[in-house]
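Data block below; observations after.
Only heavy atoms go into these numbers, but all of them, side chains included; no hydrogens, no water, no symmetry mates. Order of the sequence lines fixes the chain letters, A, B, ..., with proteins taken first and strands second; residue numbering starts at 1 for each chain. Note that the structure is a prediction, hence the values are computed from the model and not measured.
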Number of protein chains: 2
Amino acid sequence: MRSKFDEQLELLKTRLIRMGALCEEAIANAVKALLNNDLALAKKALEADVEIDQQEREIEGLCLKLLLQQQPVARDLRQISSALKMITDLERIGDQAGDIAEITIQAKIEAAPETKPIAAMAEATIKMVTGSIDAFVRQDLELAKAVIEYDDVVDELFIQVKKDLIRLINKDAKSGEFAIDLIMIAKYFERIGDHATNIAEWVEFAITGRHRNGVGK
Amino acid sequence: MRSKFDEQLELLKTRLIRMGALCEEAIANAVKALLNNDLALAKKALEADVEIDQQEREIEGLCLKLLLQQQPVARDLRQISSALKMITDLERIGDQAGDIAEITIQAKIEAAPETKPIAAMAEATIKMVTGSIDAFVRQDLELAKAVIEYDDVVDELFIQVKKDLIRLINKDAKSGEFAIDLIMIAKYFERIGDHATNIAEWVEFAITGRHRNGVGK
């Protein structure tokens, strides 16, 4: 029974790694599409959303099977229930990468100095997604904490982007549309950071049995 | 067999009406919370998202049961598969109402003339959600078409909100943060309109067998 559970848990981790990789790829494609105004790549980021939704359903099924058939307790139970929550945030990350791609498709954003911090936001959020999944797979509490702290970097970048673009609009109303589109995209990256933070918090819970928002206390 | 299917289809419609009503309530609470800076109500809109997600899973299960047990064909099959797609858009609408509520909670938006068109966007999108679900329940092709056309009203309002707020930021950078939050909220309402449009397009497909984006052709 026990070893069967470990086997299935390994499978679950492999599936989570794949779903996380899909999200990272969607973010990377969305920002590349944005910076190079590459509509084909933007469409690819949009399509990835469908595959990510499918992954969520499959992993959810795997988690439910594990819960029902193996009736895990304590830390094993926390790992499965955390995974169930994590995939919801991964799915939202896929949504947001798609939202970014959609703005790129509709808006035809030109390369501009203002897009530089957006690239930094993309890099930071990809790092957070990778870290949060790795933290679960390796049950690495320190890495989970590091991901949660790293969200401040994303929030700082978002505040900076907003300031820069407000200044831009204030100077020149004609660039307003362009600036608003970029702010919207920055907002989606900020949300991706929030979701990666949620994932890391569930990893903390899986390991410690305590969730900083009070769950399981 | 046949009457059993009709019975289950009625149940499906009842469930869709309830899920739609939850989404409309979430939108209404999110905008009321925004206009009255009512944080308790904003939290309620956020919490509704969880219930809406649950509804999606249950209705999805009902649809799959119908597909497997009844093996419907032709228009019956289209109705079930359309319902399967519709709940994905309803779920996203719940997400976006929650996103709006979150900005209200974080930003403490004061009542201002700029919030007036936002209220209009909320009213318009609620009307679209109600209409799209009614169109499915009554299999009303004209109503579905009307919902799809009505999205132009929402898009127009969004363009207007953007213009007004760009002008505001251009005049006075100090109101930039406030303006950006409002633009973000307006963007979420614009997305809600898109999702209601998707729903109405699936209703068209359920009735006619033709989807304007080419599905089923």
key: Per-residue contacts, residues 80-100 of chain A versus chain B, heavy atoms under 4.5 Å   = A:R92, A:D95, A:D99
task = Mind listing the closest non-hydrogen atom pair of B:E177 and A:I166 along with its distance?
result = N-CD1, 3.7 Å
inquiry  = With a 4.0 Å cut-off on N to O distance, would you call B:R57 and A:E56 a salt bridge?
reply    = yes
task = Could you look at A:I169 and say if it's the side chain, the backbone, both or neither that has a heavy atom under 4.5 Å from chain B?
result = both
message = Report which part of A:I103 has an atom under 4.5 Å of a heavy atom belonging to chain B: side chain, backbone, both, or neither.
response = side chain
request  = With a 4.5 angstrom heavy-atom cut-off, could you sort out which part of A:K163 is near chain B: side chain, backbone, both or neither?
outcome  = neither
task = With rounding to the nearest 0.5 Å, note down the distance linking CG in A:L168 to CG in B:N170.
result = 10.0 Å
key: Crowding at NZ, A:K13 (>12 non-hydrogen neighbours, <6.0 Å)   = yes
request  = Measure A:E60 against the heavy atoms of chain B and call it side chain, backbone, both or neither at under 4.5 Å.
outcome  = side chain
message = So A:R191 and B:E102, do their side chains get closer than 4.5 Å, heavy atoms only?
response = yes
Whether over 12 other heavy atoms sit under 6.0 Å from A:Q8 CD = yes
